[in-house]
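The next block holds one structure in the form of structure tokens; read it before the comments.
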2 protein chains.
Amino acid sequence: MTAPTPGRKRPTISDVAQRAGVTKGAVSRALNSGTGVSSGTRERIRQAAVELGWSPSYAARALNGKALGTIGLVVRRSPEILDFDAFFASFLSGIESVLSGEEHATVIRFVPDAQTEATTYERLFEDRFVDGFLVTDLRVDDERPAMLHRMGAPAVVVGAPEGSSDFPTISNDSREAIRSLVHRFADTGHRRVAHVQGDPGMLHALQRRRHWEEALHDFGLEPGPVEYGGYTIEGGAQATERLLDRGERPTAVFYGSDLMAIGGYSVLGEAGLAIPGDVAVAGFDDITLASFASPPLTTVRSRHRELGSSAARILLDMLKGQEPPAVTRMTGELRLRSSAG
Amino acid sequence: MTAPTPGRKRPTISDVAQRAGVTKGAVSRALNSGTGVSSGTRERIRQAAVELGWSPSYAARALNGKALGTIGLVVRRSPEILDFDAFFASFLSGIESVLSGEEHATVIRFVPDAQTEATTYERLFEDRFVDGFLVTDLRVDDERPAMLHRMGAPAVVVGAPEGSSDFPTISNDSREAIRSLVHRFADTGHRRVAHVQGDPGMLHALQRRRHWEEALHDFGLEPGPVEYGGYTIEGGAQATERLLDRGERPTAVFYGSDLMAIGGYSVLGEAGLAIPGDVAVAGFDDITLASFASPPLTTVRSRHRELGSSAARILLDMLKGQEPPAVTRMTGELRLRSSAG
DNA sequence: GTGAAAGCGCTAACAA
DNA sequence: TTGTTAGCGCTTTCAC
């Protein structure tokens, strides 16, 4: 490694001021509010800034309590989910698609526990390292909305029940789609419909389960057995094994994610059970794999990317001072494929 | 929305100093280098800092040219790839798995063009918004390594040819795996092996093609036709159509990514061609879908997550002042499945 | 409309 | 070992 060149220092506001023949204060005013300077000097200052290739210092701005153009995403989960789970990569993709056009950056931090999570939000915001947050992956009794509200941090909450916090919410509502699915099950003679839930502490997992229960109830059916599958392929496989070990075998299973359903496929196959002949199967997410699986997997399509882009869009608007919509509703959609005729 | 509480201001170094009965300077020394203060006062200062719940201001630190504990990832691609491409989400997952244990955050920025890319790297670093970069997705004649070196920015380059820059490099070497694949093709009687390349401007795409060419040469075969598929399912499908429209049909196709191979599957199927009977197919990446496709897809497994974690690990070590290994070699691995007997 | 000056929270050189 | 001081680059109040 050869030694790097030290690099000429980049121009500061003082350089611009000097070149334009004014003081720092004038430059700051001209380039920010635009008021308090005559249009002539303002133009001269702008010109000087361009010639010098000046751009403001994030750090100095932050020290004065200004926004930096960054939004924070704090995730209390294993970083592996970026790789395995359908949600995060797509969600992030949606966020970035909005930010990339806006000169904004995303600050991402994966944290191991609730304590670190709380202090991370605090430091990130109180120091103006980020201007606001996108809050997702809500847990039961999640304290983040209240905490962020206390801090005065702008935020958009994704996937929370409507009206549950003081922040704008993007709701990911799959009630109808799940109802259609269960309707289908009921119509085709299923009486024992099981559910594999993702994670007992996660709100989205709970919501899917609730919708499944409600729909069964509406069609006069008892809820079948429930197992937890942790949203992974292996978890889905194990949950399916437990399901088969129980007394009466279910004739249909609604998995809380496609990945878990795929895990279920292999266990059902090994047990010599045909899909959908012996057991009908449905998933949630509609990942690419779903339509390629054999048999193609019936699932509830959820618009992860749109969730991300809407959330980002709304947060950005809030930061610009616009009044955000209290609720933005996103609805899931049933994709009937041969795994659940 | 009720008005948020303004929130008590958080403690500064002066508060700590006052409480410990010393000056700001002493606090700074005690909490950073640890030298220049007696162990007694140091302890008293630490104590005061804890009691006050003090934590340093990122902004003030950055203004003094200190490291913040952030690493930058600037990506000149459509944010959609996070959703569709196999690489990025996994790579990011690897990075986060290292950073989450180290109190570091990732700053991500997707940029549309080379110009924005360059200024983004500059501003991010010169303002000490990030301490260093992970450089990936190298293009032919990529100027980023030289530029970052000029700026004096610490960086780790992923997927560049060894010795091509002054930075530590993680090489993702699939030469042997691709050679084994071509060997297999040659052994099973294939004489006309086509290639669907991802993107002509990307170094990794070029490398895969080179390895394919070299291997064919070594086994006494001429390189078959090459089409570009842009690393997407649709692109792979279209490239396959063009391949079939040409004169002599290839008996085997090596796709530069699994996604493109899956796109090829559908076109071959529609053309009434059996896999591998009429056309043998192989991909690259080993995404989850590969083993679930029908027939299961032969592919070259590439360790995306490990690429990310190694790169992050090395960059963090550099930031701590350790001398990094010049090259870390990661090798691909052939996964033979029935699409290419 | 413009300049001067104070200060954001911190680091580091210099004195004492 | 400690305190004092001068900035880092910018915003913002206050005179003029």
Side-chain angles (χ1 to χ4, degrees), chain A residues 6-46 48-49 52-69 122-129 131, chain B residues 6-46 48-49 52-69 122-129 131:
Chain A
R8 73 275 166 265
K9 282 167 69 87
R10 65 190 210 133
T12 74
I13 201 174
S14 300
D15 298 322
V16 177
Q18 192 180 347
R19 179 173 252 263
V22 293
T23 58
K24 300 179 340 176
V27 174
S28 176
R29 269 168 282 167
L31 266 20
N32 290 318
S33 62
T35 67
V37 261
S38 70
S39 62
T41 31
R42 180 168 47 233
E43 198 36 59
R44 200 150 34 86
I45 289 171
R46 255 196 243 292
L52 257 38
W54 175 86
S55 62
S57 153
Y58 293 118
R61 279 221 155 126
L63 201 52
N64 284 288
K66 306 260 100 178
L68 287 186
E122 255 180 37
R123 293 199 54 191
L124 244 29
F125 181 72
E126 295 192 338
D127 214 36
R128 289 296 181 279
F129 198 77
D131 305 334
Chain B
R8 71 277 168 264
K9 282 168 68 89
R10 64 190 210 132
T12 74
I13 201 174
S14 300
D15 299 322
V16 177
Q18 193 181 347
R19 180 174 251 264
V22 292
T23 58
K24 301 183 333 179
V27 174
S28 178
R29 268 168 280 161
L31 266 20
N32 290 318
S33 60
T35 68
V37 261
S38 69
S39 61
T41 29
R42 178 168 50 232
E43 198 35 59
R44 199 149 34 89
I45 290 171
R46 257 196 241 291
L52 258 38
W54 175 87
S55 62
S57 153
Y58 294 120
R61 280 216 155 134
L63 203 51
N64 285 288
K66 303 263 102 180
L68 287 186
E122 255 180 35
R123 292 199 54 191
L124 245 27
F125 181 72
E126 294 192 340
D127 216 36
R128 288 298 180 278
F129 198 77
D131 304 335

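In this text, all values refer to a predicted model and were calculated from it rather than measured experimentally. Chain identifiers are assigned alphabetically (A, B, ...) following the order of the sequence lines, protein sequences preceding nucleic acid strands; residue numbering begins at 1 within each chain.
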Exercise. For B:Ser38, which contact category applies under a 4.0 Å heavy-atom criterion: base, sugar-phosphate, or nothing?
Worked result: sugar-phosphate
For this session: Tell me which nucleotide among C:dT11, D:dC8, D:dC10 gets nearest to the side chain of B:Asn32.
Result: C:dT11
Problem set entry | Candidates D:dC10, C:dC10, D:dT2 - which lies nearest the side chain of B:Asn64 | C:dC10
Problem set entry | B:Tyr58 OH to C:dC10 P, straight-line distance once rounded to whole Å | 13 Å
Exercise. With a 4.0 Å cut-off on heavy atoms, is A:Thr23 in touch with a base, just the backbone sugar-phosphate, or nothing at all?
Worked result: base
Problem set entry | Between D:dC10 (P) and A:Ile45 (CD1): distance, integer Å | 13 Å
For this session: Provide, to the nearest angstrom, the distance between the CG atom belonging to B:Leu63 and the P atom belonging to C:dT11.
Result: 11 Å
Problem set entry | Most 5' of B:Arg29 and B:Pro56 on DNA chain C, judged by nearest nucleotide | B:Pro56
Exercise. Looking across every strand, which nucleic acid part, if any, lies under 4.0 Å from B:Lys24 by heavy atom: base, sugar-phosphate, or nothing?
Worked result: base
Problem set entry | N/O (side chain, B:Ser57) to phosphate O (OP1/OP2, C:dG9) under 4.0 Å | no
Problem set entry | Flag, side chain of B:Arg128 to backbone of B:Ala62, donor-acceptor distance under 3.5 Å | no
Exercise. Taking the side chain as C-beta and beyond, is there a heavy-atom pair between A:Arg61 and A:Asn32 under 4.5 Å?
Worked result: yes
Exercise. When all nucleic acid strands are considered with a 4.0 Å heavy-atom cut-off, which category describes A:Gly40: base, sugar-phosphate, or nothing?
Worked result: nothing
Exercise. Do the side-chain N or O atoms of A:Lys66 get closer than 4.0 angstrom to the phosphate oxygens (OP1, OP2) of D:dG9?
Worked result: no
For this session: Indicate whether OP1 or OP2 belonging to C:dG9 is found under 4.0 Å from a side-chain N or O atom of B:Arg61.
Result: no
For this session: Decide whether a cation-pi geometry holds between A:Arg123 and A:Phe125; the criteria are a distance under 6.0 Å from NZ or CZ to the six-membered ring centre and an angle within 45° of the ring axis.
Result: no
For this session: Indicate whether OP1 or OP2 belonging to C:dT2 is found under 4.0 Å from a side-chain N or O atom of A:Thr41.
Result: yes
Exercise. Are the aromatic ring centres of A:Phe129 and B:Phe129 under 6.0 angstrom apart?
Worked result: yes
For this session: Nearest-nucleotide wise, let me know which of A:Ala59 and A:Ala26 is further upstream toward the 5' end of DNA chain D.
Result: A:Ala59
Exercise. Rounded to the nearest Å, what distance is computed from the CD atom of residue A:Gln18 to the P atom of nucleotide D:dG9?
Worked result: 14 Å
Problem set entry | Atom pair distance, as rounded to whole Å: CZ in B:Arg128 and P in C:dT11 | 15 Å
For this session: Looking only at non-hydrogen atoms, find the nearest pair between B:Ala26 and B:Ile45 and report the distance.
Result: O-CD1, 3.9 Å
For this session: Please state how far atom CG in B:Leu31 lies from atom P in C:dG9, giving the value in whole angstrom units.
Result: 16 Å
For this session: Would you indicate which nucleotide in D:dT11, D:dC8, C:dT11 comes nearest to any side-chain atom of A:Ile13?
Result: D:dT11
Problem set entry | Side-chain donor-acceptor contact under 3.5 Å, A:Ser57 with A:Arg10 | no
Exercise. What nucleic acid atoms does B:Val22 come within less than 4.0 Å of, heavy atoms only: base, sugar-phosphate, or nothing?
Worked result: sugar-phosphate
Exercise. Is any side-chain nitrogen or oxygen of A:Ser28 closer than 4.0 Å to OP1 or OP2 of D:dT11?
Worked result: yes
Exercise. For B:Leu52 and C:dG9, what is the distance between atoms CG and C1' respectively, to the nearest whole Å?
Worked result: 14 Å
Problem set entry | Atom-to-atom span, CD of A:Glu126 to P of C:dC8 - whole angstrom | 17 Å
